[in-house]
Amino acid sequence: MSAHALPSPAEDFSAWYNDIVYRADMAAQSPVRGCIIIKPYGWEVWEGIKSALDRRFKALGVQNAYFPLLIPESYMRREAEHVEGFSPELAVVTVGGGKALEEPYVIRPTSETIIGEAFSQWIQSYRDLPFLINQWANVVRWELRTRPFLRTAEFLWQEGHTAHADHDDAEAFTLQILDVYADMAIREAAIPVIKGLKSDSERFAGALRTYTIEGMMGDKKALQCGTSHNLGQNFARVFDIQYLDASNQRQYCWTTSWGLSTRMVGAVIMAHGDEKGLRMPPRLAPIQVVIVPIFKTDDEKTAVMESVEALRAELTAAEVRAHVDARDYQPGYKFNDWEMRGVPVRLELGPRDVQSGSVVAARRDQPGKEGKRTLRREQIGAQIKLLLDEIQANMLALATAFRDANIIDVASYDELRQVVESGGFARGWWADSAVNERQIKEETGATHRCYPLDQPDGEGACFYSGAKTRRVALFAKAY
RNA sequence: CGGGGUGUGGCGCAAUCUGGUAGCGCGCUUGCAUGGGGUGCAAGAGGCUCCGGGUUCAAAUCCCGGCACCCCGACCA
């Protein structure tokens, strides 16, 4: 472990991020370019995200399945936009068992094609619809510029694939999934994401419409945290996914796909972290409560450790994820260490507390003395659960206030430039134009993030072109 | 894909310009003290200096060739 100080997120957010990922033991560098090793502390955050999503998917009737890692190269070529979108970043397997393969396999960058092929065989009747499948998998995209969790050459995600009888059902499901993503981000990760529709130039390769949840990170940049695509009938036509409707007519299905990845772990780090390190939202925190025993003599140690163990047992019984830090370090060292790792609550228990039947609690979301209080030992499990809920709510409130303070309405291009310059999301009337969007991106570095689903009434003049429009869009620099 | 940087004990670095026994901090091990906000002292363990070739009495250091990773930018669901 290095001894140098953590970079300040205010001064160099990027350096801070890179440093904290490794310092907090979320991940390690691997021998493979652009690929990280996800260490237990980072993995548990992903597991939390995963189980929160999986519950919600299953409640919608989605079933999990698993498809091969390798996809025949020809599959990727079938959908024109899809090929164009993905071919530059494909990893291809050309040799197997020492022999050149007759047809190379690509390592999946996403599975629309191979799942589409399967759907074409499985779906026959309108009675089979909707057909709802999800898989938890790893994918590979040969990205040129990688960052731990945010963009890695190999990453883990879930990809959902569904088939529906008509446009409206597919559209409704696409939006239902978007709600699931937003609900998970807000309630579990305490990140107040904005649900929105992507512009045509930001749309998924081959999709009719792409919806997104956009989060604001600590440096006021945007991060696309998950996407849900209505694929229309494009993939159904290409892979021949057809069904017989109630009047015995052959119809192409309407399909959707949707994904959320380990990037979300990066979002949690960047949305909540501060100059002391990570701040984990309690619901996703691998360790919710760390207990630091304090003692001098052996006699004290015996008494304290006995009390600490009883405390841990009570918390565990109350379904609080508690950890005892019995390492042979100074208490001060441990305090800083766990603050860096973002543990929401620290309990200090020493001889004085054993005597008085109390314990000192410190909140990670409130700095210094302000966050410290002495709790009675009675009903400690219930007290801590309440405290964790309070911290979760406070983190969401803080992030929401931060987001709202940094979404700024713009009425002109100059105003947008200023917002982009000083950081934040610029919101303004926008008359859809790929050309103008490109121009803004080249001149300011900001991209069209989305048309928020939550739109104002009426119409206004586009901040860029002046044309009348009924839609408001968000622009920001993004990861 | 462009630009920059770096490869030396587990980690972070020095020594490279000016060739001559590879050194420091952190971490690790052991002991004693210490312990309610990053402890102190002492003694230890640990190195084909990225790879290949060349120059030289002698290469971490100079020369040639390769490889790898990181950072910044463009690109990107």
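Note that the structure is predicted; figures quoted are calculated from it, not measured. Just so we're on the same page: letters track the sequence lines, and every chain starts at 1.
- The side chain of A:Ser14 contributes an N or O atom lying less than 4.0 Å from OP1 or OP2 of B:C72.
- Using a cutoff of 4.0 Å between basic side-chain nitrogens and carboxylate oxygens, A:Asp325 and A:Arg327 are scored as salt-bridged.
- Within the nucleic acid shown, A:Trp157 comes within 4.0 Å of at least one base atom, counting heavy atoms only.
- To the nearest angstrom, P of B:C11 lies 12 Å from NZ of A:Lys39.
- Within 6.0 Å of CD on A:Glu443 lie more than 12 heavy atoms contributed by other residues, nucleotides or ligands.
- The residue A:Phe86 sits close to a base: some heavy atom pair falls under 4.0 Å.
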For every nucleotide of nucleotides 36-44 of chain B, 5' to 3': is a protein heavy atom under 4.0 Å from its base (B), only from its sugar-phosphate (S), or from neither (-)? BBBB-----
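- At B:C76, one or more side-chain N or O atoms of A:Lys441 fall inside 4.0 Å of OP1 or OP2 (strictly under the cut-off).
- Sequence order on RNA chain B of the closest nucleotides to A:Phe155 and A:Ala15 puts A:Ala15 first from the 5' end.
- Under 4.0 Å is where a charged nitrogen must lie from a carboxylate oxygen, and between A:Arg346 and A:Glu348 at least one such pair does.
- Between A:Asp353 and A:Arg377 there is no salt bridge, since none of the side-chain N atoms of the basic residue sits less than 4.0 Å from a carboxylate O of the acidic one.
- A tilted orientation is assigned to the rings of A:His164 and A:Phe173, their planes being inclined by 30° to 60°.
- Look at A:Asn18 and you'll find a side-chain N or O under 4.0 angstrom from OP1 or OP2 of B:C71.
- A salt bridge is absent between A:Glu214 and A:Arg403; no separation between the charged side-chain nitrogens and carboxylate oxygens falls under 4.0 Å.
- Rounded to a whole angstrom, the distance from the C1' atom of B:U49 to that of B:U16 is 11 Å.
- Here, B:A60 and B:G23 have their P atoms 13 Å apart, quoted to the whole Å.
- OP1 or OP2 of B:G73 has at least one side-chain nitrogen or oxygen of A:Arg145 nearer than 4.0 Å.
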